[in-house]
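In the text below, chain A, chain B and the rest are named by the order of the sequence lines, each starting its count at 1. Just the heavy atoms: all of them, side chains too, but no hydrogens, waters or symmetry mates, feed the values below.
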4 protein chains.
Amino acid sequence: MNKVILAGRLTRDPEVRYTQSGKAVASFTLAVDRRFGRRNAEANGQPTADFIPIVVWERLAEVCGNNLIKGSQVLVEGRMQVRSYDAQDGSKRYVTEVVANEVEFMGSRPQREGGAPMPQGGYQQSAAPQQQAPQANNSFGPSIPDEEIPF
Amino acid sequence: MNKVILAGRLTRDPEVRYTQSGKAVASFTLAVDRRFGRRNAEANGQPTADFIPIVVWERLAEVCGNNLIKGSQVLVEGRMQVRSYDAQDGSKRYVTEVVANEVEFMGSRPQREGGAPMPQGGYQQSAAPQQQAPQANNSFGPSIPDEEIPF
Amino acid sequence: MNKVILAGRLTRDPEVRYTQSGKAVASFTLAVDRRFGRRNAEANGQPTADFIPIVVWERLAEVCGNNLIKGSQVLVEGRMQVRSYDAQDGSKRYVTEVVANEVEFMGSRPQREGGAPMPQGGYQQSAAPQQQAPQANNSFGPSIPDEEIPF
Amino acid sequence: MNKVILAGRLTRDPEVRYTQSGKAVASFTLAVDRRFGRRNAEANGQPTADFIPIVVWERLAEVCGNNLIKGSQVLVEGRMQVRSYDAQDGSKRYVTEVVANEVEFMGSRPQREGGAPMPQGGYQQSAAPQQQAPQANNSFGPSIPDEEIPF
DNA sequence: TTTT
DNA sequence: TTTT
């Protein structure tokens, strides 16, 4: 069990890259507000949010690339992952990321600077992982008619 | 471990009652969309949402009563609970509810019919459980200054 | 967002059935302890656990049927779902279930009465949803070698 | 919303320290298995687990210190938190931790080397956050008798 | 009995 | 109808 659920806003547009074998990978950082501290914290010089790196793969990566921008408010579900790499000074460094398997749009849509709002309305462009997680709606849903339920 | 996280909209204004000892209890129903089914499901006569009863206690109950209305979009965290009661015909019935310990406002604020929008803006009226869950921000937050952290 | 995580023990062996189209469906009830109430609650005649119906589909259903028995301790991840049906007296009744998309074995293995322990040891029989949720391990895991990661 | 749920084993005994004002802080690392990769991953030189730093405060910290040891299997609920500090070379480094507000014992109890098993049986020593999270059982539980429920 |  |  390694489960993470975060609600927050992108600090920048997502960056989409491709592996050598052609898999899409999107990455962005989520600003997740620490609830109660905000005002006092600002006064205290304390952090008011956690900035958490998110990684998304394959089709969902492309959907994020096409639909999210800096400021977009999202709900992310995934798992924590710790990668290590060797720094230039020879020491080992650790990076903690959340690998998302679900990204839901929430709330208000940010405008592109000087531009039109993002086309986030319809299901077609939804970042919800359609083929990646068909099981999310596999029962009593459209794919299994009532007559099929054996109890 | 008994953990539930739901995002949805209230189907009606919350109802606030009081126990004999004066504890506030709010109850409402959350409509939680089933993601992928919506369009097809409607055509198929399948349900497009789950309607889930939520129960909230004490101060958070009052905050919900003062800030949420039919249509409000919220994020709820709590636990599943099954109560039983005896029906008039002598049989035992079971009711499943989610007892919320956290309720966060999300997205757009519904308007009162023919009225002004709800005053959901500020932190003062937030439904976030302030004194109920102080531990949610108990570390590295305002209550524990940096000099206090022993590592 | 409709997410549930429960830890508990099966109150009976799982029941596996098949839809008309041949999909497997397992169902069982999880006893989920209410943490702090146990002793006092027993003395008070209060419930000490919630009994929550779980539904599992397809391959994971079969794995549950083959590996879980009454008393098995599991960690379940899924979503809440409310079904309605018409009672004999013409009234509408509601049933709340958790549709599991992940079932992890935990802790001690119960013995079959008068028999050998269940063969829950190996990965082969694991109830973890292998093909249902390949994305759960799709990054930095075996399927994507390090050389593939573009950052 | 910033929610994390992890199941894993402690890589070492927890370390308990105290802030200047006397608050207890426990820290330990959880090894959380990546489910499907284990065997292949080992063969591939890939990581088979994520090693995630956990921080626990106040009474729960002390309970962890008294009850958990290297190898203990636990279920942790908390939130992700990113701290920054200035490295000796002047660069800024980031540390991601999970601040736990609930720690449940699971499964088998490790033995102290050459010693007796830890006394993890009873409620008295439970790591469940008793006073920290009284709301977790605040409804329909011992603290609110049936006669009090107004519906 | 249901929300958008 | 319930598990340990």
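In this structure, the NZ atom of B:Lys70 is 8 Å from the C1' atom of E:dT2, given to the nearest Å. With rounding to whole Å, C:Arg12 atom CZ is found 12 Å from F:dT3 atom C1'. B:Arg34 has its CZ atom 17 Å from the C1' atom of E:dT4, to the nearest Å. Going from atom CD of B:Glu15 over to atom P of E:dT2 covers 17 Å, rounded to whole Å. Distance, C:Ile52 CD1 to F:dT3 C1': 12 Å, rounded to whole Å. Between B:Asn2 atom CG and F:dT3 atom P the separation is 18 Å, expressed in whole Å. Taking atom CD of residue C:Gln73 and atom P of nucleotide F:dT2, one finds them 21 Å apart after rounding to whole Å. To the nearest angstrom, P of F:dT2 lies 19 Å from CD of C:Glu97.
Scored by the salt bridge (charged side-chain N to carboxylate O under 4.0 Å, His left out) test, C:Arg93 finds C:Asp89 as partners (sequence neighbours excluded). Remark: B:Glu77 pairs with B:Lys3, D:Lys3 by the salt bridge (charged side-chain N to carboxylate O under 4.0 Å, His left out) rule, at least two apart or across chains.
Side-chain N or O atoms of C:Glu104 include one that pairs as donor or acceptor with a backbone N or O of A:Met1 at under 3.5 Å.
Side-chain contact, C:Arg83 with C:Gln81: no donor N or O sits under 3.5 Å from an acceptor N or O.
The side chain of B:Ala31 sits closest to E:dT3 out of F:dT3, F:dT2, E:dT3. Listed nucleotides F:dT3, F:dT1, E:dT2 differ in distance to B:Phe51; the shortest reach to its side chain belongs to E:dT2. Taking the side chain of C:Thr11 as heavy atoms from C-beta on, and the options F:dT1, F:dT2, E:dT2, the nearest nucleotide is F:dT2. Comparing F:dT3, F:dT1, E:dT1 by their nearest atom to the side chain of C:Arg9 picks out F:dT3. Distances were taken from every side-chain heavy atom of C:Asp33 (C-beta onward) to each of F:dT4, F:dT2, E:dT3; the shortest belongs to F:dT4.
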